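Data block below; observations after.
Each ligand, and each atom within it, is numbered from 1 in the order the structure gives. FYI, side chains are in, hydrogens and waters are out, and symmetry mates aren't considered; it's all heavy atoms of this structure. If you're wondering where the values come from, they're calculated on a predicted model, not measured in any experiment.
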Amino acid sequence: MFKAFLVKYAEIAIKGKNRHLFEDALVKQIRHGLKKADGEFRVTKEQGRIYVYCDSDYDYDEVTGIMSRIFGVVGFCPVVIHEMCGYEELAKHVVKYVDDIYPDKNKTFKMNARRSDKRYPMDSMELNRELGGVVLDAFPEMKVDVHNPDILLTVEIRSKIYLYSEVIPGPGGMPVGSNGKAMLLLSGGIDSPVAGYMIAKRGVKIDAVYFHAPPYTSERAKQKVIDLAKIVSRFTGPIYLHVVNFTDIQLYIYDQCPHEELTIIMRRYMMRIAEHFAKETGCLGLITGESIGQVASQTLQSLAATNEVCTLPVYRPVIGFDKQEIVEVANKIGTFETSILPYEDCCTVFVAKHPVTKPNLNIIRNSEKKLAEKIDELVDEAIRTTEVIIVSEES
Ligand code: ATP
Ligand code: MG
């Protein structure tokens, strides 16, 4: 039925030269997304608008599913396009549109005509009045409701004529790749996939690091992280997931340092290693799923202690969220069910009974000195043996 879609994006939010960069990036992302779909598609920028033309048969649900996950898309409208024509013919097109799209005529509607081509002999007001009358004559069951119509029937007169009435929501945000790249510390929990999604939504490409501690953490725990990365990649595109074997570092910290400081020291080493991969791959920041006060390692003092070892900015998009707010996003993006699968993670395996909640940096630095003998070697070894998995929707 529909051979095209009109893409809506937040045009007012982007100014000047950035606007066409944004549009070009969005076109590129839509093209890239639609490569996965069966069929032939053309994505074009015309007169400050983006259209998707479907040049062959396609699966409507597949295409709308893909489009609704492309960052930068605020919404999109399945549209019927006609060549410029006179009023009589336009009226026929409108009636046919309503008849085809709405088999059930027991609906209210409002005409929404827009004339951007001022040469057209009728203005928007006249078009609304006349076309509204034509629809009512053709379908007496339909009623006008100007405040809360079931159908907002839009007729745009531009160089062609565009008829549409449905807006399918997109995720908003900015096209991935328009704002650089960052490294996500991805665990198997609820928070970090949400954090990655939120930063990617602002146009940032995402890679990820996962700290794995076999045999204390199982293959299933690792697979769970891969599965989470796969769900996130439906929005972000392929993710290079670095799987770091963290066991020897954890055991060494466990042997050498006071147990109440384990989590903080371990997290400092996670940040250092994540930063190594971030710099190596051109990432401009790190991302974590930390939220103030959620656990002992996320008090302001603990966050400061973890943060101290980083030279890159650390982005913590859920920092002010309550758990319930994070869960809402996790549900929306489809990671929640996977996140709550009960596999152990490396932070819980080596957790102390009474972790410090207000770590003192001098004390932590001193404890780390006890690692001097072997830690550099162990970190190098962990980096050298890291496995990189390219995770994408198809993989
Ligand atoms: P999440 O739900 O994201 O696991 P959490 O509430 O369990 O978070 P922590 O375990 O303290 O909190 O972890 C805080 C953040 O540190 C995580 O959001 C994640 O970014 C990172 N992190 C924790 N464990 C790992 C891991 N094994 N591999 C990679 N990153 C991790
Ligand atoms: Mg966790």
Side-chain angles (χ1 to χ4, degrees), residues 182-200 206-214 216-218 220-226 228-229 231-232 239-247 249-250 253 262-278 283 285-303 305-307 309-310 312 314-319 321-327 329-330 333 335-352 355-357 359 382 386-387 389 391:
M183 185 65 77
L184 169 67
L185 284 90
L186 180 63
S187 69
I190 297 170
D191 308 330
S192 46
V194 169
Y197 169 87
M198 287 177 71
I199 295 296
I206 298 286
D207 281 335
V209 196
Y210 166 58
F211 295 92
H212 184 41
Y216 303 97
T217 60
S218 63
R220 287 189 313 179
K222 172 177 158 189
Q223 187 57 45
K224 172 179 163 182
V225 173
I226 296 172
L228 286 170
I231 299 170
V232 175
I239 295 175
Y240 284 67
L241 175 65
H242 300 69
V243 180
V244 181
N245 185 330
F246 204 49
T247 313
I249 295 175
Q250 280 190 307
I253 299 172
L262 279 182
T263 309
I264 295 292
I265 295 175
M266 204 177 75
R267 297 196 49 70
R268 283 162 62 95
Y269 278 96
M270 282 187 183
M271 294 309 243
R272 289 177 172 114
I273 294 171
E275 183 162 293
H276 168 88
F277 289 117
C283 291
L286 303 173
I287 306 164
T288 73
E290 289 159 313
S291 151
I292 293 173
Q294 204 186 76
V295 286
S297 59
Q298 295 175 25
T299 63
L300 288 186
Q301 292 86 348
S302 298
L303 287 165
T306 313
N307 201 69
V309 300
C310 305
L312 288 176
V314 182
Y315 298 108
R316 299 177 172 93
V318 301
I319 196 73
F321 276 26
D322 296 339
K323 196 72 183 187
Q324 191 48 40
E325 293 171 306
I326 302 174
V327 167
V329 184
I333 66 175
T335 51
F336 183 73
E337 295 302 326
T338 305
S339 288
I340 59 173
L341 294 173
Y343 308 134
E344 63 298 311
D345 83 43
C346 69
C347 295
T348 46
V349 174
F350 291 89
V351 79
V356 281
T357 55
T386 290
E387 176 192 10
I389 303 174
V391 182

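Ligand 1 has an N or O atom lying under 3.5 Å from an N or O atom of I190, backbone or side chain. For ligand 1, the polar-atom distance check finds an N/O of R267 within less than 3.5 Å of one of the ligand's N/O atoms. On a distance-only criterion, Y210 and ligand 1 share no N/O pair closer than 3.5 Å. Checked against a 3.5 angstrom limit, the closest N/O atoms of F211 and ligand 1 fall inside it. Not one N or O of G188 is nearer than 3.5 Å to an N or O of ligand 1, by distance alone. At under 3.5 Å, a nitrogen or oxygen of G289, whether backbone or side chain, sits near a nitrogen or oxygen of ligand 1.
Listed by atom number, the atoms of ligand 1 under 4.0 Å from G189 heavy atoms are 1 (P), 2 (O), 4 (O).
Looking at T263 and S297, their side chains never bring a donor and an acceptor atom within 3.5 Å of each other. The closest side-chain donor-acceptor pair between T299 and S302 falls under 3.5 angstrom. Using a 3.5 Å distance cut-off with no hydrogens or angles, the side chains of N307 and R267 do not pair a donor with an acceptor.
Around atom 19 (C) of ligand 1, the closest heavy atom drawn from L184, V243, T288, L185 belongs to L185.
Paired with F246 under the rule ring pair (Phe, Tyr, Trp, His ring centres under 6.0 Å), one option of Y216, Y269, F211 passes, and it is F211.
Only the backbone of V209 comes within 4.0 Å of ligand 1, counting heavy atoms alone; no side-chain atom from C-beta on gets that close. With a heavy-atom cut-off of 4.0 Å, Q294 touches ligand 1 through its side chain alone. With a 4.0 Å heavy-atom cut-off, ligand 1 is reached by the side chain of S297 but not by its N, CA, C or O. Here L186 has backbone heavy atoms under 4.0 Å from ligand 1, and that is the only part of it that gets that close.
Not counting sequence neighbours, the partners of F277 by the ring-ring contact (aromatic ring centres under 6.0 Å, His included) test are H242. For Y197, the ring-ring contact (aromatic ring centres under 6.0 Å, His included) partners at least two apart in sequence or on another chain are F71, F235.
Of all heavy-atom pairs spanning L303 and Q298, the tightest one is CD1-O, 3.6 Å.
Within the 3.5 Å criterion, the main-chain N or O of D322 finds a donor-acceptor partner in the side chain of E325.
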